[in-house]
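Beneath this line is the structure, given in structure tokens, with notes to follow.
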Amino acid sequence: MRILTLETTCDETAAAVVTDQLEVLSSVVASQDELHYRFGGVVPEIASRAHVERVVPVIDEALRRADTTLDRLDAVAVANTPGLAGSLLVGLTAAKTLALTHDLPLIAINHLQAHIYACRIASGIDVFPCVGLIVSGGHSNLYRCDHPTDFTPLGGTIDDAAGEAFDKVASLLGLPFPGGPSVQKAAESGSSSAYRLPRPLLDNPKTLNFSFSGLKTAVRYLVVGPGKLPVGPLRITPEQVADIAASFQQAVIDCLIGKALLALEQTGFKVLCVGGGVAANGPLRQQFEQAAAAKGYKLHVPPLSLCTDNAVMGAIAVERLRAGQFEDLDLDIYPGLQRIG
Ligand code: KG4
Ligand code: ZN
């Protein structure tokens with residue numbers, strides 16, 4: 001069976017063709033980075049307009065690369081939660097149109113569950129039950145994942161997401177968007193112990209929550225001093241930029257590892273799956289590997305192409321297909337987290 005999966009939750013327009021055996025027949029991702037670059041962050045209206053322009057060519061290309069046609073598909077699946085409302089609507093409308101015109105079953109994808117399912121696809125083995133850590137531009141959440149589509153929230157950020165903090169710190173340091181890769185690159189020549197930045201909530205074993213906004217403010221104070229807005233050219237040297245980037249990156253990694261290990265301890269689970277754009281961070285991947293190995297946990301982190309937004313992870317639709325969980329054409333979008341099922 002062949003399923004077309006669509007992903008337009010944020011600023012990537014993506015389509016893939018996958019089989020019910022989790023084979024990936026094609027994957028196309030049209031990044032919008034160049035459109036949002038000069039704004040230093042994703043502009044929702046620009047993102048949704050770009051999805052409108054790109055969604056049909058991206059679907060066509062995914063079908064072409066899979067050497068298939070709409071008539072030979074068995075289902076169409078689309079991420080309808082969570083995400084930017086305007087962006088979600090474009091993918092959903094495209095999926096409904098295909099479902100209606102080609103008489104295809106329609107399957108809903110939870111984008112966060114899909115980020116964890118990327119570990120299942122990449123590893124080729126069953127990774128459930130596991131603790132799931134999703135670290136992206138919009139989310140930093142810990143879940144107890146009993147099944148691919150049965151997640152119980154354990155904790156999450158009470159303010160900024162980790163990726164959002166990377167993006168904002170990059171902008172404070174005069175580094176280009178998207179911030180994660182540029183902070184990682186700048187950090188390569190810096191020292192992670194140059195500045196002792198806060199690790200909010202890390203020492204509190206009563207919570208599995210994160211908080212990254214104070215960390216971001218601490219970086220701002222290092223760059224411009226308390227109470228001032230960053231205006232004009234940076235007054236810090238490239239060496240200081242590298243040291244601040246490395247110190248900030250380490251603080252985020254420490255918080256994520258600390259809470260993920262605590263979640264494993266509390267659930268008694270032995271498997272940790274990490275997904276989302278921030279999981280593409282090199283030092284984060286290495287340190288998670290070391291931390292998990294030291295405690296005897298099995299760690300799954302997808303390859304870089306399955307960490308950032310993509311439609312391959314939408315193969316989680318196979319789980320719903322097997323369970324006969326299809327949607328009607330009145331399926332809606334859920335920009336927030338109201339619907340995790
Ligand atoms: O999962 P994703 O592609 O989109 C969302 O669902 O948000 O994640 C995007 C986020 C951005 O904030 C980006 O800066 C961050 O992932 N990111 C990274 C790296 N690559 C992407 N953060 C840290 N290090 C990286 N190498
Ligand atoms: Zn994402």
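Both ligands and their constituent atoms are indexed starting at 1 by order of listing.
Judged by distance alone, the side chain of Ser171 and the main-chain N or O of Asp167 form no donor-acceptor pair under 3.5 Å. When atom types are taken as modelled, the side chain of Arg65 and the backbone of Val17 share no donor-acceptor pair closer than 3.5 angstrom.
Using 4.0 Å as the threshold, His139 has no heavy atom nearer than that to any atom of ligand 1. The closest approach between Gln249 and ligand 1 stays at or above 4.0 Å for every heavy atom of the residue.
Summarising the geometry, atom OG1 belonging to Thr97 is positioned 11.0 Å from atom NE2 belonging to His102; distances are rounded to the nearest 0.5 Å.
Counting protein heavy atoms only, atom 24 (N) of ligand 1 is closest to Asn281 ND2, 3.0 Å. The single protein non-hydrogen atom nearest to atom 11 (C) of ligand 1 is Asp167 OD2, 3.6 Å, given as residue, atom name and distance. Atom 25 (C) of ligand 1 has its closest protein heavy atom at Gly180 C, 3.6 Å. Looking at atom 26 (N) of ligand 1, its nearest protein heavy atom turns out to be Gln184 OE1, 2.9 Å.
At most 12 heavy atoms of other shown residues, nucleotides or ligands fall within 6.0 angstrom of atom CZ in Arg38. By the neighbour-count criterion of 12 heavy atoms within 6.0 Å, atom CG of Asp126 is densely surrounded, having more than that number from other residues, nucleotides or ligands.
In summary, the atoms of ligand 1 found under 4.0 Å from a heavy atom of Ser136, numbered by their order in the structure, are 1 (O), 5 (C), 6 (O), 7 (O), 8 (O).
The existence of a salt bridge linking Lys168 and Glu164 is confirmed by a sub-4.0 Å separation between a basic side-chain nitrogen and an acidic carboxylate oxygen. Salt-bridge formation is not detected for the pair Glu53/Arg49: no Lys NZ or Arg NE/NH1/NH2 atom is positioned less than 4.0 Å from an Asp or Glu carboxylate oxygen. Glu188 and Lys185 are not joined by a salt bridge, as no carboxylate oxygen comes within less than 4.0 angstrom of a charged side-chain nitrogen.
For ligand 1, the polar-atom distance check against Cys10 finds no nitrogen or oxygen pair separated by under 3.5 Å.
Contacts between Pro181 and ligand 1 below 4.0 angstrom, taking non-hydrogen atoms only, involve backbone and side chain alike. Contacts between Thr308 and ligand 1 below 4.0 angstrom, taking non-hydrogen atoms only, involve backbone and side chain alike.
With distances taken over non-hydrogen atoms, the option nearest atom 6 (O) of ligand 1 out of Asp11, Asp33, Asp309 is Asp309. The residue among Gly277, Gly137, Ala279 with a heavy atom at the shortest distance from atom 15 (C) of ligand 1 is Gly277.
Of all protein N/O/S atoms, those lying under 2.8 Å from the Zn ion (ligand 2) come to 3.
Proximity of the aromatic rings of Phe166 and Phe248 is defined here by a centroid distance below 6.0 angstrom, and this criterion is met.
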